[in-house]
2 protein chains.
Amino acid sequence: MWALSTSSETAYHHGDLRRSLIAAAHELLRDGGVEAVTLREAARLAGVSHNAPYRHFAGREALLAALAAEGFRGLRRALDEAGRAAPSAGRAAMPAERLTDLGRAYLRFADADRPVFRLMFGGTLERAAHPDLAEAAAQAFGALRDVVAAGEPAAGTERESLRAWALVHGLAHLVADRQIDAARAEACLA
Amino acid sequence: MWALSTSSETAYHHGDLRRSLIAAAHELLRDGGVEAVTLREAARLAGVSHNAPYRHFAGREALLAALAAEGFRGLRRALDEAGRAAPSAGRAAMPAERLTDLGRAYLRFADADRPVFRLMFGGTLERAAHPDLAEAAAQAFGALRDVVAAGEPAAGTERESLRAWALVHGLAHLVADRQIDAARAEACLA
DNA sequence: GCCGCTATGTTGACATCAGCAACATAGCGG
DNA sequence: CCGCTATGTTGCTGATGTCAACATAGCGGC
């Protein structure tokens, strides 16, 4: 699982309960879907009482939102790396190749952790109600937009950018929903 | 809301409780999201006791699955109509126009009832566990595939078909998640 | 016309969950 | 050494999903 990036959570009694709860929620989500993510069960996994989570999250939704936000941070990292790295050793990346790499990273992210991807984009969470989640999502989309814009500097190609985003996003959803497999989706990119 | 298409549900005591429960679930879904869809609340809305729904659905998930299945049947109808209807009065439809019409119908469906679209594609429901849902989904995808195949009769264009599907599907998700508005999505189709 | 059968709906119960309030504890600074 | 605040616990309430037992209504057979 991706590394957590919480901000300096000082450890009092438990050590780092906030992290542990997010990790527990992640595990529950993978094993039993979003309905299986329960504050009480997460607390049990973390070895604390059923009400300890309320010291770190406003409620069940806030825990899910934190998990989704971690997902968006992970997606942003994946996109950043794909946008920065040279596609082949030594050669400079052509814009089109870079775009394909970006799409591949997006698809691989969705395929690697389908439950989190679905949590991020499933619409269960109202981003407006969770500033941290909104921020993380905006940063991920920003990373995507930046690389796309760098690849297509001409004006008027906004439509093409949106088409590229929609294509990749649609493929990612189809992969996450197991309608198609990841290899077939990647073959569709270029 | 779209018409229900249950199979000869004879009305005994309530009239047609199955339909009423699905309608109630639909209302709850639109008003409060999937978490608000509750067997007991649906029963209250239908005016029956809290356990009556179990005579028609195996449990909460089965009710949601039935609602999603209705959604897929509605999507199939929308796609069928878009594939059959002439795009302009009197003229025969060119394949490309027909494809665009199909995409437009898909997008309009997603935009018209976002909560149901998210239920259908949100991954909360395991299609394998609900044969009726799997059947309805397969029929909707079949309708889509048929029209796409009719528009692109050449072999080897399977990749293009998948790209078209993914593009429309991605746009639909972006619309359902309010990342973009429906008009911008439709402008991306052709 | 009456009897029993099955589909349908009801009542009651139990375990689990989210969330609230009151309380306990641990580390920190004065 | 004292008290303050962050953290965690215990106990409770109301709602929910689901099971079991019971009640009722319409139908077919006689």
Taken in chain and number order and not counting sequence neighbours, the residues that satisfy side-chain contact (heavy atoms from CB on, under 4.5 Å) with A:Phe141 are A:Phe72, A:Phe121, A:Ala137, A:Trp165, B:Gln179

Atom-pair distance (NE2 on A:His56; P on D:dA6), nearest Å
12 Å

What string of B, S and - do you get for nucleotides 13-18 of chain C, 5' to 3', if B is base contact, S is sugar-phosphate-only contact and - is no contact with any protein heavy atom under 4.0 Å?
B---SB

Considering residues at least two apart in sequence or located in another chain, which fulfil the salt bridge (Lys or Arg N to Asp or Glu O under 4.0 Å) criterion with A:Arg108?
A:Glu186

Who are the side-chain contact (heavy atoms from CB on, under 4.5 Å) partners of B:Arg114, not counting sequence neighbours?
B:Asp111, B:Ala176, B:Arg178

For DNA chain D, find the residues of residues 123-134 of chain B with a heavy-atom distance under 4.0 Å and give them by number; none if there aren't any.
none

What residues, two or more places apart in sequence or in another chain, satisfy side-chain contact (heavy atoms from CB on, under 4.5 Å) together with A:Leu21?
A:Leu17, A:Ala42, A:Ala46, A:Pro53, A:Phe57, A:Leu63

Side chains of A:Phe109 and A:Met120, heavy atoms from C-beta outward: is any pair under 4.5 Å?
yes

Hey, is A:Glu81 close enough to A:Arg76 for a salt bridge, meaning N to O under 4.0 Å?
no

Measure CG/B:Leu21 against P/C:dT8 and give the value in whole Å, please.
13 Å

Out of A:Leu119, A:Val37, A:Leu28, which one pairs with A:Leu67 under the side-chain contact (heavy atoms from CB on, under 4.5 Å) rule?
A:Leu119

Can you list everything that forms a salt bridge (Lys or Arg N to Asp or Glu O under 4.0 Å) with A:Asp132? Sequence neighbours excluded, please.
A:Arg73

Applying salt bridge (Lys or Arg N to Asp or Glu O under 4.0 Å), can you list everything that pairs with B:Arg55, at least two apart in sequence or on another chain?
none

Could you spell out the base pairing of DNA chain C as a dot-bracket line? Use Watson-Crick and G-U wobble contacts where both distances are under 3.5 Å, [ ] for crossing pairs, | for partners on a different strand.
||||||||||||||||||||||||||||||

How many Å lie between CG on B:Leu28 and P on D:dT16, as a whole number?
10 Å

Could you tell me the separation between the CD atom of B:Glu61 and the P atom of D:dT18, rounded to a whole number of Å?
8 Å

The nucleotide from C:dT8, D:dT9, C:dT10 with an atom nearest the side chain of A:Val48 is D:dT9

Indicate whether the side chain of A:Glu70 and that of A:His26 have a donor and an acceptor atom separated by less than 3.5 Å.
no

Identify the pairs formed between an N or O of the protein and an N or O of nucleotides 3-5 of chain D at a distance under 3.5 Å, and give each distance.
none

My understanding is that only residues two or more places apart in sequence, or in another chain, count here; which of them pass side chain to side chain donor-acceptor pair (under 3.5 Å) with B:Glu27?
none

Rounded to whole angstrom units, what separation is found between the CZ atom of A:Phe57 and the P atom of D:dG8?
11 Å

In this structure, CD of A:Glu160 is separated from CD of A:Glu158 (nearest 0.5 Å) by 11.0 Å

Could you name each residue pair satisfying side chain to side chain donor-acceptor pair (under 3.5 Å) that touches residues 38-47 of chain A, not counting sequence neighbours?
A:Glu41-A:Arg44

